[in-house]
Amino acid sequence: MARIRTIKPEAFSSESLAAVSITAERTFFGLLTQADDHGRFRDQSAVIAGLLWSLRPEHGPIEVEDDLTQLAGNELICRYEGEEDGKRYLHIVTFSKHQKVNRPSGVRHPNCPYHDGGRVPLTSPLAQGGLREPSVHHQAPVPELAPAPPATSLIPVSAGQGGFSEPSVQHQGEVREPAPSPHRPDLGSRIRDLGSPLGGAGAPTPPQIITTQQLVGEYAAACGKRPPESVLGHVGREIGKLLREGIDPEHVRAGVERMRIKSLHPSVLPSLVNEAMNPPQAAAGARRAPQPYTNPVDAEAAYGGQL
């Protein structure tokens with residue numbers, strides 16, 4: 001259930017909020033009304049979009065996820081995982097400094113391990129909803145050891161081919177590969193691609209996946225000056241929709257290039273992509289353009305000798 005929260009006048013001159021987009025700032029203010037009395041809420045982009053952006057269908061879960069990423073990157077919220085249930089939560093970092101709750105309710109969500117539990121992570125907490133950082137364990141420093149002589153590991157080859165050995169150089173501080181198990185074959189080095197047994201090339205490189213961020217970056221780099229963030233955000237949303245439809249990224253790239261050259265609004269990008277996919281063709285049986293009149297070379301033959 002949403003609560004009545006307070007927004008101070010200083011919030012509109014906050015440098016942290018000024019570093020994020022307008023939509024991210026609106027999402028932040030909305031989270032103040034949805035968070036519990038300790039500033040915590042479930043980290044679910046679809047749920048937050050339904051609560052805060054229900055009348056703005058153009059700003060869906062993908063756009064809300066981008067808002068949360070900006071807020072987490074500027075340390076306005078902290079995204080973490082519950083230690084007991086493994087679910088994702090977020091915590092408004094400065095909630096207790098700016099919100100005075102008269103009679104706070106009980107704990108509804110687990111504590112933030114980084115701000116409520118006192119844990120100091122080596123890396124930043126969850127910056128995105130998809131990937132999670134593993135738990136940080138501090139280990140005792142490894143005593144300095146004298147460099148060991150290079151070991152030689154034999155790589156098995158198929159029958160009829162001569163074996164060869166490759167020195168396995170182990171640098172100080174690196175994690176060493178375990179010795180081959182007698183219960184399974186040694187697959188050799190996990191780092192170098194040794195190619196086929198006949199010396200051919202290794203496995204073909206998988207095709208590069210073109211992402212929305214890559215196309216937006218190309219668009220911004222091709223412009224004389226970096227466009228405003230609102231324009232880049234609109235371009236990114238239009239590109240994301242087209243890619244999710246399964247349209248060839250090259251057609252999307254061609255449409256973006258036409259939009260940049262003509263300085264058009266991002267909303268016309270689907271039409272430009274369609275033009276790249278289906279270039280206009282001359283209609284069958286179209287009338288020829290009228291030709292200008294010219295005097296005949298032989299006027300007597302043209303007019304039968306009568307002028």
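As a basis for the values below, the full set of heavy atoms in this structure was taken, side chains included, without hydrogen atoms, waters or symmetry mates. Only a predicted model underlies this, so the values are computations on that prediction, with no experimental measurement involved.
In this structure, E25 contributes its side chain and A18 its backbone to no donor-acceptor pair below 3.5 Å. In this structure a side-chain-to-backbone donor-acceptor pair under 3.5 Å is present from E63 to G60. Checked by atom type and distance alone, the side chain of T94 never pairs as donor or acceptor with a backbone atom of K97 at under 3.5 Å.
I22 and L232 are members of different hydrophobic clusters when ILVMFWY side chains are connected at heavy-atom separations under 4.5 Å. Hydrophobic clustering (ILVMFWY, side-chain heavy atoms < 4.5 Å, transitive): I48 and I62 are in distinct clusters. No path of Ile, Leu, Val, Met, Phe, Trp and Tyr side chains, each step under 4.5 Å between heavy atoms, connects V93 with L17, placing them in separate hydrophobic clusters. I239 and V64 are not part of a single hydrophobic cluster, where members link through side-chain heavy atoms under 4.5 Å apart.
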CA sep, side-chain torsions, deciding dist, call: L90, L31, side-chain contact (heavy atoms from CB on, under 4.5 Å): CA-CA 10 Å; L90 60 84; L31 287 175; 4.3 Å; yes
L51/F41 under side-chain contact (heavy atoms from CB on, under 4.5 Å): CA gap, chis, key distance, verdict: CA-CA 12 Å; L51 292 172; F41 196 65; 3.7 Å; yes
For D248 and M277, what are the C-alpha separation, side-chain angles and deciding distance, and is it a side-chain contact (heavy atoms from CB on, under 4.5 Å)? CA-CA 9 Å; D248 188 347; M277 297 169 57; over 6 Å; no
Verdict with supporting geometry, D66 and Q70, side-chain hydrogen bond (donor to acceptor under 3.5 Å, both in side chains): CA-CA 6 Å; D66 180 66; Q70 295 183 51; 2.9 Å; yes
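Closest non-hydrogen pair, R5 versus A35, comes out as NH2-O, 2.7 Å. Between L269 and M259, the closest heavy-atom pair is CB-SD, 4.3 Å. Nearest heavy atom pair, residue P61 against residue S45, reads O-CB, 3.6 Å. R258 approaches A276 most closely through the heavy-atom pair NH1-N, 3.7 Å. The two residues F95 and H38 come nearest to each other via the heavy atoms CD2-C, 3.7 Å. Closest of all the heavy-atom pairs between D67 and S21 is OD1-OG, 4.1 Å.
Here the CD1-CG distance, from I209 to L243, works out to 11.5 Å after rounding to the nearest 0.5 Å. For the atom pair OH of Y80 and CZ of R88, the computed distance is 12.5 Å after rounding to the nearest 0.5 Å. Taking CZ of F28 as the reference point, atom OG of S14 lies at 8.0 Å (rounded to 0.5 Å). A distance of 10.0 Å separates CG of D43 from SG of C78, quoted to the nearest 0.5 Å.
For H59, the ring pair (Phe, Tyr, Trp, His ring centres under 6.0 Å) test picks out W53, with sequence neighbours left out.
The shortest distance between side-chain heavy atoms of R40 and Y89 does not fall below 4.5 Å. Within the 4.5 Å cutoff, the side chain of H234 has heavy atoms near those of the H265 side chain.
With V252 as the fixed residue, the side chain to side chain contact (heavy atoms under 4.5 Å, CB included) test singles out one of I210, T212, L215: L215.
With respect to the salt-bridge test (charged N to carboxylate O, under 4.0 angstrom), the residues R253 and E218 qualify. With salt bridges taken as basic N to acidic carboxylate O contacts below 4.0 Å, one links R79 and E65. A salt bridge is absent between D36 and R42: the closest approach of a Lys/Arg side-chain nitrogen to an acidic carboxylate oxygen does not fall below 4.0 angstrom.
The ring-ring contact (aromatic ring centres under 6.0 Å, His included) pairs that include a residue from residues 5-25 are F12-F29, where partners are two or more places apart or lie in different chains.
Between H109 and H91, a ring centre-to-centre spacing not shorter than 6.0 Å is recorded.
Heavy atoms of other residues, nucleotides or ligands lying less than 6.0 angstrom from CD of E15 number 12 at most.
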